[in-house]
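Here is the structure we will look at, set down as structure tokens.
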Amino acid sequence: MAAPPAVIWLQEVERLLHYRDLVPRLEEALGKFSRRDSAELIQPVRSTLPLQKHHGFFGSMPTYMENDGVLCTKLVCFYMREAGSTLPSTQATVMLLDPEFGNVKAVIDGEHITGMRTAAVSAISAKLLMPSGAEVLAILGTGRQAVAHYNVFTEMFPFKEVRVWSRTRQGVERFCRSVSGPVTACVSAEEAVRGADAIVTVTCSPEPVLFGRWVKPGAHVAAVGACRPNWRELDDVLMKEAVVYSDSRDGATTESGDVILSGAEVFAELGDVINGTKPAHKEKTTVFKSLGLGVEDAVSAQLVFDQWKAKAGLP
């Protein structure tokens, strides 16, 4: 008889998960994903159901990594909240299952996993695509994803200045209180991104907040919001002038309004660059369109579960 599943709450995930452990595992996972070897990894495009009454969506993100013995799914709800809403824009739960017996091994709070793995993949995109000697980072948005991106980008790169912008002054003030390092608060998105070497967009906006005419040639943009076919964060000028990368080509052409509505071509997946099958065009303006992959959740959850077992003295 299978043991009851472990339940790992948010506070424990926060104690167990660290970028120094997570980033190399995500790099390996992105490479595996882009090899498209079904004997090693199976992961469909996220399936979603509309929650019309609540202006949101329910998504399911299953992944099976046969050689690693990892069977996982994330259940996530994400919403288009009104400005000033105190309700979360996302809520997630990750489940690890035994691939042989089918029982649930662990139920893990997905809030911190989602934030950290998303930010870590954006940082991987910057590691691969950001211009050398980058000094200025701009973050558009001030929610939990913005804080996660600030934390990993400042941990991995020696920026001299980090700028932030939000639709509300309260958002900027909350963000500045939430991070441990210096921040330059900007009154407009244009002010934040002019001259920036790296730009992160983590907004809930359904229409562009970043315009190509503002972006420094050769800058790198990690676009994280706008995960529906009719939502945008980036305008056509930027999407058509930049070299566009994604975590998943299929995901980008199915879910990303930035890609679909602009008609931009996805040049490569990050995994292609990691695998050496496509080049990293650091000398050009680049956009990484992040949609989020089930395999990112799977390796993150497995890392948390392994750390939890080690802490508990379990085999």
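Keep in mind it's a predicted model, so treat the numbers as computed, not measured.
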Distance-minimising heavy-atom pair for [X] and [Y]:
{"X": "D235", "Y": "G212", "value": "OD1-N, 2.9 Å"}
{"X": "A120", "Y": "V23", "value": "CB-CG2, 4.0 Å"}
{"X": "S60", "Y": "L75", "value": "OG-CD2, 4.1 Å"}
{"X": "L293", "Y": "M61", "value": "C-CE, 3.7 Å"}

query: Which residues pass the side-chain contact (heavy atoms from CB on, under 4.5 Å) test with T277, sequence neighbours left out?
result: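 If we apply the side-chain contact (heavy atoms from CB on, under 4.5 Å) test to T277, skipping adjacent residues, the hits are D272, N275.
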
Who pairs with [X] by side-chain hydrogen bond (donor to acceptor under 3.5 Å, both in side chains), at least two apart in sequence or on another chain?
{"X": "Q170", "value": "none"}
{"X": "S122", "value": "H149"}
{"X": "E14", "value": "none"}
{"X": "K309", "value": "none"}

Stepwise side chain to side chain donor-acceptor pair (under 3.5 Å) test for R167 and T142: CA-CA 9 Å; R167 291 176 297 176; T142 54; over 6 Å; no

field: Working for side chain to side chain contact (heavy atoms under 4.5 Å, CB included), residues T184 and V162
entry: CA-CA 6 Å; T184 301; V162 180; over 6 Å; no

- prompt: Which residues, ordered by chain and number, are linked to L140 in its hydrophobic cluster, where ILVMFWY side chains connect at heavy-atom gaps below 4.5 Å, directly or through other members?
  reply: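 Answer for L140: W165, V193, I199, V209, L210, F211, W214, V215, V221, L234, L238, M239, V244, V259, V266, V287.
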
Check ion pair E27-K127 (N to O, under 4.0 angstrom):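 Salt bridge present between E27 and K127.
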
field: E12 bridged to K311 by N-O distance under 4.0 Å
entry: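 Salt bridge flag = yes for K311 with E12.
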
Any link between [X] and [Y] through a network of hydrophobic side chains (Ile, Leu, Val, Met, Phe, Trp, Tyr) touching at under 4.5 Å?
{"X": "L270", "Y": "M130", "result": "yes"}
{"X": "W231", "Y": "V237", "result": "no"}
{"X": "I113", "Y": "V147", "result": "yes"}
{"X": "L96", "Y": "V107", "result": "no"}
{"X": "V94", "Y": "L22", "result": "yes"}

- prompt: Is there any ring-ring contact (aromatic ring centres under 6.0 Å, His included) pair reaching into residues 66-103, and which pairs are they, with sequence neighbours excluded?
  reply: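 For residues 66-103: F57-F78.
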
- request: Please list all pairs passing the ring-ring contact (aromatic ring centres under 6.0 Å, His included) test where one or both residues lie in residues 245-264, with sequence neighbours left out.
  value: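 Passing the test, one end in residues 245-264: Y245-F267.
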
field: Pairs where residues 205-223 contributes a residue and the test salt bridge (Lys or Arg N to Asp or Glu O under 4.0 Å) is met, not counting sequence neighbours
entry: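 Output for this query lists D197-K216.
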
message: Taking salt bridge (Lys or Arg N to Asp or Glu O under 4.0 Å) as the cut-off, I'd like each qualifying pair that reaches into residues 45-58, sequence neighbours left out, listed once.
response: R46-E255

- request: Run the numbers on T48 and R228 for side chain to side chain contact (heavy atoms under 4.5 Å, CB included), then give the verdict.
  value: CA-CA 10 Å; T48 58; R228 295 297 300 159; 3.3 Å; yes

field: Contact check, side chains of D297 and T63, non-hydrogen atoms, under 4.5 Å
entry: no

For a quick test of your reading: what N or O donor-acceptor pairs under 3.5 Å do the side chains of residues 173-180 make, sequence neighbours left out?
{"residue": "S178", "atom": "OG", "partner": "R174", "partner atom": "O", "Å": "2.8"}

In terms of side-chain heavy atoms, does [X] have a donor or acceptor partner in [Y] at a distance below 3.5 Å?
{"X": "E269", "Y": "S34", "value": "yes"}
{"X": "D306", "Y": "Q302", "value": "yes"}
{"X": "S125", "Y": "H220", "value": "yes"}
{"X": "T201", "Y": "E233", "value": "yes"}

- request: Under the side chain to side chain contact (heavy atoms under 4.5 Å, CB included) rule, what do R25 and L303 come out as? Steps first, then yes or no, please.
  value: CA-CA 9 Å; R25 286 168 174 79; L303 176 58; 3.6 Å; yes

Pairs involving residues 92-111, ordered by first then second residue, that meet side-chain hydrogen bond (donor to acceptor under 3.5 Å, both in side chains) (sequence neighbours left out): E111-R144

message: Among V13, L10, L16, exactly one meets side-chain contact (heavy atoms from CB on, under 4.5 Å) together with I108. Which residue is that?
response: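 It is V13, the one option of V13, L10, L16 that forms the side-chain contact (heavy atoms from CB on, under 4.5 Å) with I108.
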
task: Walk me through it: do S248 and L291 pass the test side chain to side chain contact (heavy atoms under 4.5 Å, CB included)?
output: CA-CA 7 Å; S248 165; L291 276 306; 5.9 Å; no

task: Please step through side chain to side chain donor-acceptor pair (under 3.5 Å) for the pair K74 and T114, ending with a clear verdict.
output: CA-CA 9 Å; K74 184 169 81 173; T114 300; 2.9 Å; yes

Salt bridge (charged side-chain N to carboxylate O under 4.0 Å, His left out) assessment of D68 paired with K32: CA-CA 11 Å; D68 297 299; K32 288 180 178 180; 2.8 Å; yes

